[in-house]
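The block underneath contains the structure these notes are about, expressed in structure tokens.
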Amino acid sequence: MENYVITIARGFGSGGKHIGQELSMRLGIPCYESQILRLASACSGINEGLFNKVDERLMNLSYIQRLFQTPSLDFIATPSDKKFTGDQNLFNIQAKIIRELCANQSCIIIGKCANWILKDEPNVASFYVEAPRKNCLESITKLLGVDEKEAARLITKTDKYRADYYKYYTCGHTWTDPVAYDMTLNTARVGRDKSVDVIIDYLKLKFGPEVLTKKGVIDYDDYLKNTSLF
């Protein structure tokens, strides 16, 4: 195995992003969240703001489309196609970036349906991070400087649009389904830093301790120069 990939899905306020960043520092591999959007923009020429608008959200799909339209995850429209900047194409561009990262380097990918996109790859370990509402409320009030009522609204809103996004692009699968992951972690039980320890120990069990030396970092200038979406 030349490299390994960790995917992290997370409830809002559970500490999933913190865990990803800590893993990045301890393992010496990059952590991607919004960076996926920047890479997708650079490779496609589409304004990054459009990727930000649909980041783990269903923005331009009607309720009927969500119910009856089956997403095609492999086709990428060309700039001359009217669907070039549509939600589906923006997702497919990100999915291609995620697959190429998986093939070329050890890294951590947060969100973006990465566990589903990479579900058949043998070098991937996927984790779902969650915490009770009380703990998420405490985290968000401190992080964003809002009161508990606003924190509750943000948690409900964010978790809903993430769940809807995941359900649509995985053709009906549930974001919180533990079977979709190697492991589910409750940060209120084990703590965020110890969750990092648990993940590292699991990687050693799944892949062998030698895999943690597999860095495989990409030269991004070469990556962007040699990557063609069309």
Side-chain angles (χ1 to χ4, degrees), residues 1-10 12 16-61 71-121 123-127 158 161-162 164-166 168-170 175 214-230:
M1 183 180 295
E2 293 300 318
N3 65 297
Y4 65 97
V5 175
I6 301 165
T7 78
I8 298 176
R10 71 287 184 223
F12 192 52
K17 184 174 181 178
H18 170 86
I19 289 169
Q21 291 170 336
E22 287 296 313
L23 283 166
S24 177
M25 288 190 290
R26 287 181 57 178
L27 297 173
I29 61 175
C31 179
Y32 297 101
E33 187 189 33
S34 60
Q35 295 88 341
I36 297 290
L37 309 180
R38 287 196 284 274
L39 283 170
S41 174
C43 289
S44 65
I46 296 171
N47 188 289
E48 187 180 333
L50 292 179
F51 286 100
N52 281 310
K53 285 182 180 178
V54 298
D55 184 24
E56 298 187 279
R57 296 174 176 86
L58 296 174
M59 293 297 292
N60 301 309
L61 295 171
S72 173
L73 304 184
D74 296 318
F75 175 75
I76 293 179
T78 62
S80 61
D81 192 317
K82 65 179 182 180
K83 297 180 180 179
F84 184 56
T85 58
D87 287 39
Q88 179 70 65
N89 204 49
L90 297 177
F91 178 87
N92 289 357
I93 292 169
Q94 291 177 70
K96 179 176 175 62
I97 299 295
I98 288 168
R99 291 190 192 102
E100 292 197 359
L101 290 171
C102 178
N104 288 285
Q105 72 162 211
S106 295
C107 63
I108 300 140
I109 302 174
I110 298 177
K112 313 291 185 286
C113 297
N115 73 300
W116 177 262
I117 293 166
L118 303 177
K119 61 183 169 46
D120 297 322
E121 301 299 331
N123 64 331
V124 176
S126 294
F127 302 88
T158 303
Y161 71 61
R162 286 176 178 171
D164 290 345
Y165 181 90
Y166 189 94
Y168 178 75
Y169 286 112
T170 64
W175 173 50
K214 306 294 185 181
K215 308 299 184 185
V217 176
I218 292 174
D219 181 315
Y220 284 103
D221 289 336
D222 287 342
Y223 173 77
L224 293 173
K225 188 188 304 179
N226 297 318
T227 298
S228 174
L229 294 175
F230 316 113

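FYI, the numbering just counts along the sequence from 1. Worth saying up front: this structure is predicted, and the values here are computed from it rather than measured.
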Legend entry - Flag side-chain contact, heavy atom, 4.5 Å: Asp87 against Tyr168: no
Legend entry - Heavy-atom check, side chain of Phe91 versus side chain of Cys113, under 4.5 Å: yes
Inset, instruction - With the side chain counted from C-beta on, respond yes when Cys43 and Ile93 share a heavy-atom pair under 4.5 Å apart, and no when they do not. - result: no
Inset, instruction - Examine Tyr165 together with Tyr169 and report whether their ring centres are nearer than 6.0 Å. - result: yes
Inset, instruction - Apply side-chain contact (heavy atoms from CB on, under 4.5 Å) to the pair Asn3 and Asn104, showing each step before the final yes or no. - result: CA-CA 7 Å; Asn3 65 297; Asn104 288 285; over 6 Å; no
Legend entry - For the student: nearest non-hydrogen atoms of Trp116 and Tyr166, plus distance: CB-OH, 3.9 Å
Legend entry - Sidechain-backbone polar pair: Ser24 side chain, Gly20 backbone, donor-acceptor under 3.5 Å: no
Legend entry - Rounded distance [0.5 Å steps], CG in Leu90 versus NZ in Lys53: 11.0 Å
Inset, instruction - List the atom of Ser44, the atom of Ala40, and the distance in Å for their closest heavy-atom pair. - result: OG-O, 2.7 Å
Legend entry - Test: Glu22 and Lys17 ion pair at under 4.0 Å: no
Legend entry - Contact summary for Ile110 and Gly16, nearest pair of heavy atoms: CD1-O, 4.3 Å
Legend entry - From CD (Gln35) to CG (Leu37), nearest 0.5 Å: 8.5 Å
Legend entry - From Asn92 atom CG to Arg99 atom CZ, the distance as rounded to the nearest 0.5 Å: 7.5 Å
Legend entry - Rounded distance (nearest 0.5 Å) linking atom CG of Asn89 with atom CD1 of Ile46: 6.0 Å
Legend entry - Nearest-0.5 Å distance, CG of residue Asn47 to OG1 of residue Thr85: 10.5 Å
Inset, instruction - Could you tell me which non-hydrogen atom of Cys107 sits nearest to which non-hydrogen atom of Leu101, and how far apart they are? - result: SG-CB, 4.3 Å
Inset, instruction - Evaluate the side-chain contact (heavy atoms from CB on, under 4.5 Å) criterion for residues Ile109 and Ile6: first the C-alpha distance (whole Å), next the side-chain angles of each, then the deciding distance (0.1 Å), finally the verdict. - result: CA-CA 6 Å; Ile109 302 174; Ile6 301 165; over 6 Å; no
Inset, instruction - Check whether any side-chain heavy atom of Ser34 lies under 4.5 Å from a side-chain heavy atom of Ile36, and answer yes or no. - result: no
Inset, instruction - With sequence neighbours excluded, tell me which residues meet side chain to side chain donor-acceptor pair (under 3.5 Å) with Ser126. - result: Thr7
Inset, instruction - State, with a plain yes or no, whether a side-chain heavy atom of Phe12 is found less than 4.5 Å away from one of Arg162. - result: yes
Legend entry - Non-hydrogen side-chain atoms of Phe84 and Ile76 separated by less than 4.5 Å: no
Legend entry - Residues Tyr161 and Asp55: side-chain donor-acceptor under 3.5 angstrom: no
Inset, instruction - Look at Lys96 together with Glu100 and state whether they make a salt bridge at an N to O cut-off of under 4.0 Å. - result: yes
Legend entry - Which atom of Arg57 lies closest to which atom of Asn52, heavy atoms considered: NH1-O, 3.7 Å
Inset, instruction - Please name all residues satisfying side-chain contact (heavy atoms from CB on, under 4.5 Å) with Glu121, sequence neighbours left out, ordered by chain then number. - result: Cys102, Leu118, Asn123, Val124
Legend entry - Euclidean distance, Glu33 CD relative to Glu56 CD, rounded to 0.5 Å: 7.0 Å
